[in-house]
Amino acid sequence: MAPYNAATGTDGSASASFSIGANNGNGAYDLTVVGPNRFLRHFAGNATTAGSTAEAVTYYATAPNTGAEAVWFTMKNTGTSAVTFTITSNNYRTDGPWTYNVAAGASVSDYFNAVTIANGWYDFTVTVSSDSSWSRRATGHIEVGAVSVTG
């Protein structure tokens, strides 16, 4: 598949769909979204395997302990068995990894203080115990309108 480009409006959103069925990867997918300031989201897995019941959503919100913007992950298990999610820091942090046992039908959220710990920079990968092909990567910089450093 050739690269697909899309420009977003002021709301910062775009949508697209890609076939991953028979004769189109047979369920396998490996998609990367890139944007300014080292923004990257990478999604890999197979829609026909155990990992297809897992999802991890990344977003920015205020951290309750600092009041500063943080990068949050919500990990959801729509399957019938517990799944262990692991979040690993690829850059900017030396601690971790962090593991989360998520029961069937449940979700868990956690946050990382990128602004107070790494000058707003973050780079994490989420994996699941049930499927070695499944991963979600989130990289970027949280902009808060203050002076910062380059990554």
Who passes side chain to side chain donor-acceptor pair (under 3.5 Å) against T62, sequence neighbours left out? E69
Which residues pass the side-chain contact (heavy atoms from CB on, under 4.5 Å) test with A28, sequence neighbours left out? N46
What one should report as the nearest heavy-atom pair of P97 and T86 is CB-CG2, 3.8 Å
Lys/Arg-Asp/Glu bridge criterion (N-O < 4.0 Å) met for D123, R93: no
For V126, does its backbone N or O pair with a side-chain atom of R137 as donor and acceptor, under 3.5 Å? no
From CZ (R136) to OG1 (T127), nearest 0.5 Å: 11.0 Å
N/O donor-acceptor pair under 3.5 Å between H141 side chain and N119 backbone: yes
Within-4.5 Å side-chain heavy-atom neighbours: W134 and S52: no
Check: R41 side chain, T139 main-chain N or O, donor-acceptor pair, under 3.5 Å: yes
Under 3.5 Å donor-acceptor, S133 side chain and G45 backbone: no
Could you state the interatomic distance from CD1 (I87) to OG1 (T125), rounded to the nearest 0.5 Å? 10.0 Å
Ring centers of F124, F112 separated by less than 6.0 Å: yes
Using every non-hydrogen atom in the two residues, find where K76 and F85 come nearest and quote the distance to one decimal. O-CZ, 3.5 Å
Would you check if the side chain of N113 reaches a backbone N or O of V115 as a donor-acceptor pair within less than 3.5 Å? no
Heavy-atom closest pair (A82 atom, N101 atom, distance to 0.1 Å) is CB-OD1, 3.7 Å
For A104 and G79, the nearest pair of non-hydrogen atoms, with its separation, is CB-O, 3.1 Å
Looking at OG1 of T88 and CG of D95, how far apart are the two atoms once the value is rounded to the nearest 0.5 Å? 11.0 Å
Tell me the closest heavy-atom pair linking A61 and W72, and the distance in Å. O-NE1, 3.2 Å
If I compare all heavy atoms of A56 with all of M75, which pair ends up nearest, and what's the gap? CB-CG, 4.2 Å
Separation between CD1 (I142) and CH2 (W121), nearest 0.5 Å, reads 11.0 Å
Under 3.5 Å, is there a donor on one side chain and an acceptor on the other for S89 and Y122? no
Any chance you could measure Y100, atom OH, to S107, atom OG, to the nearest 0.5 Å? 13.0 Å
T78 side-chain N/O to T53 backbone N/O, donor-acceptor pair under 3.5 Å: yes
